[in-house]
Asks: 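Starting off with a structure, shown below.
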Amino acid sequence: MNVEKRLKREAEENLEEEAAVVPKYSRHDPEDRRSRHCPYLDTINRSVLDFDFEKLCSISLSHINAYACLVCGKYFQGRGLKSHAYIHSVQFSHHVFLNLHTLMFYCLPDNYKIIDSSLEDITYVLKPTFTKAQISNLDKQAKLSRAYDGTTYLPGIVGLNNIKANDYANAVLQALSNVPPLRNYFLEEENYRGIQRPPGDIMFLLVQRFGELMRKLWNPRNFKAHVSPHEMLQAVVLCSKKNFQITKQGDGVDFLSWFLNALNSALGGTKKKKTIVTEVFQGSMRIFTKKLPHPDLPTEEKEALQGNEEYQEKMLESTFMYLTLDLPTAPLYKDEKEQLIIPQVPLFSILAKFNGITEKEYKTYKENFLKRFQLTKLPPYLIFCIKRFTKNNFFVEKNPTIVNFPITNVDLREYLAEEFQSVHKNTTYDLVANIVHDGKPTEGSYRIHVLHHGTGKWYELQDLQVTDILPQMITLSEAYIQIWKRRDDGEQNQEGA
């Protein structure tokens, strides 16, 4: 409570000081009071401006009244006589400051407001905005943008900083930023600004930060050709109660699962109320479960038990955000050159889990069950998570099996229950994102392949590195998470596939 009082008092003092240093002439002349021509605009150094980090004073670490010095790029609090920004301006002769909350420019130590159209590019980088017309054209254009330092980039195909060990989150965020309906929703802040949340609810921070990140990734007027997800990841650490960290490698599937559910919940989603997350990714299935008698029991007892109600097959309707595909066990033997054989499996073999016939045994501590799955609804965007990791009490094992999959034209009609096939006009899917895990289970790295809809070309992103890639190369990787787009009426195969 004392800290809150101190911060409040600091803010009030800053505001009083700011009022005190308004030049006397501005109180009589309304024109002067509004703005003055600033002779220091040529001292602004756009190459040092970076608005991706937390908006807090570099000295007091307070969020209140934070200003960016446009000469050196550092953040300072207040602009009153004793404020850190004021002292910085006098000490270093840095005169042009931007209020990071109100987006207004000021000249210090004279303390007058600057209005100049040449500064609009700076406010746009701090807070990019998109019109409906711009959003509808995003997937139709293949125009390269030029950053302030001269590098060119494709909006949306932008590298993300790996702060320490957050590449698992970067890959998932980049994949989601290339799902057009989800991206379009978050590019317009009006879509979610009015959502009511209970007092003290921190989860909505996730929605706000994800929206900000989307707008930065798709900004055609960035000063640099990469983005730092610092504020987004801080919200992840806070909202996940430190389950997902910036400094410690996490699991991409665990993060994706938590993030989609947290985002859905923060947007007000319930079992009955849909959100953009469920509209895009949620499908449904039937799960058939049959309890098995204990394997050590005599055959007569097993047969007798199978007639009981408890051991009859039960059916449950369930929704899903992604489908987990199980890989066959990797062989332990080596070939004649003493090298481990890397097995390969077709995508349709591991999809057979959902054909309604294939049974799989599941073991719990006490009981065994046979389960089979059948899809009843296919979503517009379907996520596959390929189960590469097996955890036990001692260590994590990784299955290196390569999944052979086509990039386009995957028809999933046969995995739908018969009575639901007529409801689905289109059941053909094309790949739009492919997340790969390389290396050992606990110390490996993540990279992602994404399709740029405007050019029809594939790109590989690994943290800040962005390179184009041939579609044939994508299928050779250890795919871990994939996002597939359902084809609409009249849609043709993607280019380059």
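Excluded from the calculations below are hydrogen atoms, water molecules and symmetry mates; all remaining heavy atoms, backbone and side chain alike, are included. Starting from 1, each residue takes its place in the sequence as its number.
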Asks: Between Asn184 (side chain only) and Ser136 (backbone N and O only), is there a donor and an acceptor less than 3.5 Å apart?
Replies: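 Judged by distance alone, no pair lies under 3.5 Å.
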Asks: CD of Glu190 to OG1 of Thr129: how many Å apart, nearest 0.5 Å?
Replies: 9.0 Å
Asks: Between Asn261 and Met321, is any pair of side-chain heavy atoms under 4.5 Å apart?
Replies: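 Heavy-atom side-chain distance check passes, below 4.5 Å.
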Asks: Report yes if some heavy atom in the side chain of Lys274 is under 4.5 Å from a heavy atom in the side chain of Gln282; otherwise report no.
Replies: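 The answer is yes, as the side chains (C-beta and beyond) meet within the 4.5 Å cut-off.
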Asks: Apply the test side-chain contact (heavy atoms from CB on, under 4.5 Å) to residues Asn404 and Ile402: give CA-CA distance (whole Å), side-chain angles for both, the deciding distance (0.1 Å), then the verdict.
Replies: CA-CA 6 Å; Asn404 294 322; Ile402 300 286; 4.1 Å; yes
Asks: Any chance you could measure Leu100, atom CG, to Thr123, atom OG1, to the nearest 0.5 Å?
Replies: 12.0 Å
Asks: Before giving the answer on ring pair (Phe, Tyr, Trp, His ring centres under 6.0 Å), spell out for Phe210 and Phe186 the whole-Å C-alpha distance, their side-chain angles and the decisive distance to 0.1 Å.
Replies: CA-CA 7 Å; Phe210 187 58; Phe186 281 98; 4.9 Å; yes
Asks: If the test is side chain to side chain donor-acceptor pair (under 3.5 Å), which one of Arg487, Lys485, Arg486 qualifies with Asp430?
Replies: Arg487
Asks: Check the surroundings of atom NZ in Lys55: do more than 12 heavy atoms from other residues, nucleotides or ligands lie under 6.0 Å from it?
Replies: yes
Asks: Give a yes-or-no answer on whether the side chains of Glu54 and Gln234 include a donor-acceptor pair shorter than 3.5 Å.
Replies: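 Yes, Gln234 and Glu54 have a side-chain donor paired with an acceptor closer than 3.5 Å.
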Asks: Any side-chain heavy-atom pair from Leu206 and Val236 closer than 4.5 angstrom?
Replies: yes
Asks: Kindly say whether Val158 contributes a backbone atom to a donor-acceptor pair with the side chain of Gln174 at under 3.5 angstrom?
Replies: yes
Asks: Return yes if some donor-acceptor pair links the side-chain N/O of Thr475 with the main-chain N/O of Gln472 below 3.5 Å, else return no.
Replies: yes
Asks: Rounded at 0.5 Å granularity, tell me how far CG in Leu325 sits from CD1 in Ile386.
Replies: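 Rounded to the nearest 0.5 Å, the CG-CD1 separation comes to 6.0 Å.
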Asks: Compare every heavy atom of Ala225 with every heavy atom of Ala147, then report the nearest pair and how far apart it is.
Replies: CB-N, 3.9 Å
Asks: Got a second to check how far Leu476's CG is from Ile342's CD1, nearest 0.5 Å?
Replies: 11.0 Å
Asks: Does atom NZ (Lys398) have a neighbourhood of more than 12 heavy atoms from anything else shown, all under 6.0 Å?
Replies: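 Yes, the 6.0 Å shell around NZ holds more than 12 heavy atoms from other groups.
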Asks: Do Asp251 and Tyr480 have side-chain heavy atoms sitting under 4.5 Å apart?
Replies: yes
Asks: Is it true that a side-chain atom of Tyr153 and a backbone atom of Asn222 form a donor plus acceptor pair closer than 3.5 Å?
Replies: yes
Asks: Taking the six-membered ring for Trp, are Trp218 and Phe130 closer than 6.0 Å centroid to centroid?
Replies: no
Asks: Apply side-chain contact (heavy atoms from CB on, under 4.5 Å) to residues Leu160 and Leu461 and explain how you reach the verdict.
Replies: CA-CA 9 Å; Leu160 281 177; Leu461 294 89; over 6 Å; no
Asks: May I ask you to check whether Phe244 and Phe255 place their ring centres under 6.0 Å from each other?
Replies: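 Ring centroids of Phe255 and Phe244 are less than 6.0 Å from each other.
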Asks: With a 4.0 Å cut-off on N to O distance, would you call Glu212 and Arg215 a salt bridge?
Replies: no
Asks: Assess the residue pair Lys224 and Asp52 against the criterion (salt bridge (Lys or Arg N to Asp or Glu O under 4.0 Å)); give the C-alpha distance rounded to whole Å, side-chain angles, the decisive distance to 0.1 Å, and a yes or no.
Replies: CA-CA 11 Å; Lys224 51 194 188 335; Asp52 291 348; 3.1 Å; yes
Asks: Atom CG of Leu187 and atom CG of Asn219: how far apart are they, to the nearest 0.5 Å?
Replies: 10.5 Å
Asks: Do the side chain of Asn137 and the main chain of Gln134 share a donor and acceptor less than 3.5 angstrom apart?
Replies: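 Judged by distance alone, no pair lies under 3.5 Å.
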Asks: If you define the side chain from C-beta out and look only at heavy atoms, does anything of Thr131 sit under 4.5 Å from Glu188?
Replies: no
Asks: With side chains defined as the heavy atoms from C-beta onward, is the minimum distance between Phe51 and Leu98 less than 4.5 Å?
Replies: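 Touching, per the 4.5 Å side-chain cut-off.
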Asks: Would you please test Asp149 and Thr151 for side chain to side chain donor-acceptor pair (under 3.5 Å) and show each step?
Replies: CA-CA 6 Å; Asp149 61 2; Thr151 52; 2.7 Å; yes
Asks: So, for Cys385 and Leu256, which heavy atoms are closest and what is the spacing to 0.1 Å?
Replies: SG-CD2, 4.2 Å
Asks: Tell me whether Arg79 forms a cation-pi arrangement with Tyr86, defined as NZ or CZ under 6.0 Å from the six-membered ring centre and within 45 degrees of its axis.
Replies: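 No cation-pi geometry.
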Asks: Can a donor-acceptor pair be found, under 3.5 Å and without considering hydrogens, that links the side chain of Asn191 to the backbone of Tyr185?
Replies: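 Checked: pair present.
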Asks: Could you check Tyr67 against Phe97 for ring pair (Phe, Tyr, Trp, His ring centres under 6.0 Å), going step by step and ending with a plain yes or no?
Replies: CA-CA 6 Å; Tyr67 287 79; Phe97 288 79; 7.1 Å; no
Asks: Evaluate the side-chain proximity of Cys69 to Phe92: yes if any heavy-atom separation is below 4.5 Å, no if none is.
Replies: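 No. Closest side-chain heavy atoms not under 4.5 Å.
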Asks: Side-chain donor-acceptor pair under 3.5 Å between Thr390 and Glu397, yes or no?
Replies: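 Thr390 vs Glu397: no donor-acceptor pair found between side chains.
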Asks: With distance as the sole test, does Ser284 use its side chain to make a donor-acceptor pair with the main-chain N or O of Thr319 at under 3.5 Å?
Replies: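 Here the side-chain-to-backbone pair does not exist.
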Asks: Evaluate the criterion side chain to side chain donor-acceptor pair (under 3.5 Å) for residue pair Asp167 and Ser445; output intermediate values, then yes/no.
Replies: CA-CA 7 Å; Asp167 56 343; Ser445 60; 4.9 Å; no
Asks: Quiz question: by atom type and distance under 3.5 Å, do the side chains of His437 and Glu478 form a donor-acceptor pair?
Replies: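 Short answer, no.
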Asks: Do Gln482 and Asn434 have side-chain N/O donor and acceptor atoms under 3.5 Å apart?
Replies: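 Yes, side-chain donor-acceptor contact under 3.5 Å.
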Asks: Taking only residues two or more places apart in sequence or in another chain, which ones pass salt bridge (Lys or Arg N to Asp or Glu O under 4.0 Å) with Asp139?
Replies: Arg183
Asks: Quick one: does any side-chain atom of Asn99 pair with a main-chain N or O of Leu103 as donor and acceptor, under 3.5 Å?
Replies: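 Not at all, since once roles are kept as given, no pair shorter than 3.5 Å links the two residues.
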Asks: Using the rule ring pair (Phe, Tyr, Trp, His ring centres under 6.0 Å), only one of His84, His88, His94 pairs with Phe76; which is it?
Replies: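 The ring pair (Phe, Tyr, Trp, His ring centres under 6.0 Å) with Phe76 is passed solely by His88 among His84, His88, His94.
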Asks: So, taking the atom named CG in Leu41 and the one named NE2 in His95, what distance separates them when rounded to the nearest 0.5 Å?
Replies: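 That separation rounds to 12.0 Å.
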Asks: Does a side chain donor of either Tyr459 or Asp468 reach within less than 3.5 Å of an acceptor in the other side chain?
Replies: no
Asks: Do you know the tightest heavy-atom contact between Ser177 and Gly156?
Replies: OG-O, 4.5 Å
Asks: Could you tell me whether Arg447 and Asp438 have a side-chain N and a carboxylate O separated by less than 4.0 Å?
Replies: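 Counted as a salt bridge, because a side-chain N and a carboxylate O are separated by less than 4.0 Å.
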Asks: Would you check, one step at a time, whether the test side-chain contact (heavy atoms from CB on, under 4.5 Å) holds for Val410 with Trp484?
Replies: CA-CA 9 Å; Val410 170; Trp484 295 78; 3.4 Å; yes
Asks: Within the side chain of Asp110, is there an N or O that forms a donor-acceptor pair under 3.5 Å with the backbone of Tyr112?
Replies: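 Here the side-chain-to-backbone pair does not exist.
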Asks: Show your reasoning for whether side-chain contact (heavy atoms from CB on, under 4.5 Å) applies to Phe281 and Leu176.
Replies: CA-CA 11 Å; Phe281 296 117; Leu176 295 176; 3.8 Å; yes
Asks: Just by modelled atom types, is the Ala262 backbone N or O under 3.5 Å from a matching donor or acceptor in the Ser265 side chain?
Replies: no
Asks: Whether the Asn45 and Ser47 side chains hold a donor-acceptor pair (N or O, under 3.5 Å, no angle test) is what I'd like checked.
Replies: yes
Asks: Mind listing the closest non-hydrogen atom pair of Ile474 and Ser477 along with its distance?
Replies: O-OG, 2.6 Å
Asks: For a 4.5 angstrom cut-off between non-hydrogen side-chain atoms, does Ile350 reach Asp326?
Replies: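 In short, these two side chains do not touch, never coming nearer than 4.5 Å.
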Asks: Compute whether any side-chain donor of one residue and acceptor of the other, for Gln77 and Ser83, lie under 3.5 angstrom apart.
Replies: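 Absent: no donor and acceptor within the cut-off.
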